[in-house]
There are 2 protein chains.
Amino acid sequence: MIPYVNSPQNNTKVYIGIVKQLRSMIEHDGLKPGDRLPSERELSERLGVGRSSVREALRALELLGLIETRRGEGTFMRDFRGHQLVQLLSTFILQDKKSIRDVKETKFLIELDCLWLIIQKAEEDQLLRFKKWALEADYTDDDFFLKIVTLADNHLFLRIWIILKDYYNSLDLERMMVTKEQYAELIETLISRNESEVIRVYRNLRNLSKG
Amino acid sequence: MIPYVNSPQNNTKVYIGIVKQLRSMIEHDGLKPGDRLPSERELSERLGVGRSSVREALRALELLGLIETRRGEGTFMRDFRGHQLVQLLSTFILQDKKSIRDVKETKFLIELDCLWLIIQKAEEDQLLRFKKWALEADYTDDDFFLKIVTLADNHLFLRIWIILKDYYNSLDLERMMVTKEQYAELIETLISRNESEVIRVYRNLRNLSKG
DNA sequence: AAAAATAAACTGGTCAGACCACTGAGAGAA
DNA sequence: TTCTCTCAGTGGTCTGACCAGTTTATTTTT
């Protein structure tokens, strides 16, 4: 297929090239979670690189949680959702105050963005179904806002939010209590498409002062 | 120091053990960004494992953005405050649902978030310096908003925005013309800390209809 | 013929050793 | 002192070997 990992005078490391090749290979062949990747030896041959380089690439992807390897069987695509690395990173990253503040700030603002998007785009019946669920079901704050972010119908925000959520949870901050009434109130403001009210209710729910 | 990477009948892979060893090594020695780690050969010897295994661990950490390697020099701790993770996942995420609409939407909303953050946090003189620059210098839209996002003082947003910007540019959409006056007007509203005006001017600048 | 045991052919996991390309410090020359 | 230049050290890569599992094919036994 693609014989070269790197162009002739490319300085980038081989294993980086392999990661890229793998990515396009995954895309090209439409590999889905559970599917098997070519063996290390086959990749090594097909890409014209040493097996050790292939392994460096695979190990990196494995640590990221993107693939899974089973001795004697092979390497498989994995259903990844960012979990792996968040846990890993949190053990490494210095938990300096600014980082934590950035994570909180970003998560909150993206949630607010999603609320805004919902006001703009969501269908009436979607919101009504959401409301019904919120009143009846049992859920955590993450559950609730996952639905919010999903309703916002923006894949990018969804991905980013999930990562932030995981990281946020790993910080082990004090949880604020949110009552079912508050959630319901938020949904009401969404249904009424009242921008400023949404902001007010959300800030209140998150215990954020005006500023 | 610690001679064993894995306990005798531990099934976990060597490179995983090395990652853990490295972590405690970093913690124990109080290594900070910029500091050098032991060489691959030394680690190999100290931990009693093959160099290739050491490399698999290091490559994984490198892809995560936790360390940085320079040929001929060594391996160094990195300033990973901005969390490489977003960058990383983006290469996999952005391709899986290349929704152009999502990219635009996300970029714009994050820019708005940053404007809001500036209103909340930025110092007066920072804004005045920014204004001076905006009136005198030559710049592209990306230049201008890079400054915006930087002023917002949120590393996470900065990272995400840069990725989005690059991706956005690669989409090759029609560029909208923005006059220097519009940029200046935006800064004025920032200085006056007028939230609703900022939103209005920004939307106008981006040619966004109300909704 | 069916079932069980065995063998072969794969797969990932690891190691050792060999080069290469590059950097930096120290030895030596100017 | 200052400038080369050499050389030891470092990461980057490849090869080949062996181990330890899994799967498939083959042979043997029932």
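The chains referred to below are lettered A, B, ... by the order of the sequence lines, with proteins before strands, and numbering in each begins at 1.
In this structure, A/Ile18 places its CD1 atom 13 Å from P of D/dG12, rounding to the nearest Å. When rounded to the nearest whole Å, the span between OH of A/Tyr15 and C1' of D/dG11 equals 12 Å. Per the geometry, CZ belonging to B/Arg55 stands 17 Å off P belonging to C/dG17, to the nearest Å. Atom CG in B/Leu63 sits roughly 17 Å away from atom C1' in D/dG11 (whole-Å rounding). Atom CZ in B/Arg59 sits roughly 16 Å away from atom P in C/dT14 (whole-Å rounding). Distance A/Ile16 CD1 to D/dG11 C1': 14 Å, rounded to the nearest Å. B/Lys13 places its NZ atom 10 Å from the P atom of C/dG12, with the value rounded to the nearest Å. Computed from coordinates, the A/Ile67 CD1 to C/dG12 C1' distance equals 11 Å when rounded to whole Å.
Nearest nucleotide to the B/Val49 side chain, out of D/dG12, C/dC15, D/dC14: C/dC15. Taking every side-chain heavy atom of B/Arg71 into account, C/dA21 is the closest of D/dG21, C/dA21, D/dT13. Side-chain proximity of A/Val14 to the nucleotides D/dC14, C/dT14, D/dG11 is greatest for D/dC14.
In this structure, B/Ser52 does not reach the C/dG13 phosphate: none of its side-chain N or O atoms is under 4.0 Å from OP1 or OP2.
Comparing A/Val54 and A/Gly72 by the nucleotide of DNA chain D whose heavy atom lies nearest to each, the residue mapping closer to the 5' end is A/Val54. Where A/Glu73 and A/Ser53 each meet DNA chain D at their nearest nucleotide, the meeting point lying more 5' is that of A/Ser53.
In this view, A/Glu111 and A/Lys107, A/Phe108, A/Phe145, A/Trp161, A/Tyr202, A/Arg206 satisfy the side chain to side chain contact (heavy atoms under 4.5 Å, CB included) rule, not counting sequence neighbours. In this view, A/Lys121 and A/Leu117, A/Asp153, B/Arg101, B/Glu105 satisfy the side chain to side chain contact (heavy atoms under 4.5 Å, CB included) rule, not counting sequence neighbours.
Salt-bridge formation is detected for the pair B/Arg59/B/Glu62: a Lys NZ or Arg NE/NH1/NH2 atom is positioned less than 4.0 Å from an Asp or Glu carboxylate oxygen. With salt bridges taken as basic N to acidic carboxylate O contacts below 4.0 Å, one links B/Asp125 and B/Arg129. Using a 4.0 Å cut-off between charged nitrogen and carboxylate oxygen, B/Arg51 and B/Glu45 do not count as a salt-bridge pair.
The stretch residues 36-44 of chain A touches DNA chain D through A/Arg41, each having a heavy atom under 4.0 angstrom from the strand.
Summarising the geometry of A/Glu123 relative to A/Gln126, their closest heavy-atom pair is N-OE1, 2.9 Å, with the distance given to 0.1 Å.
Residue side chain B/Arg51 reaches the base of D/dG12 through a donor-acceptor N/O pair under 3.5 Å, judged by distance alone.
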**OP:** Would you sort out whether B/Thr69 and A/Lys13 count as a side chain to side chain donor-acceptor pair (under 3.5 Å), showing the intermediate values?
**Re:** CA-CA 11 Å; B/Thr69 59; A/Lys13 315 179 187 186; 2.5 Å; yes

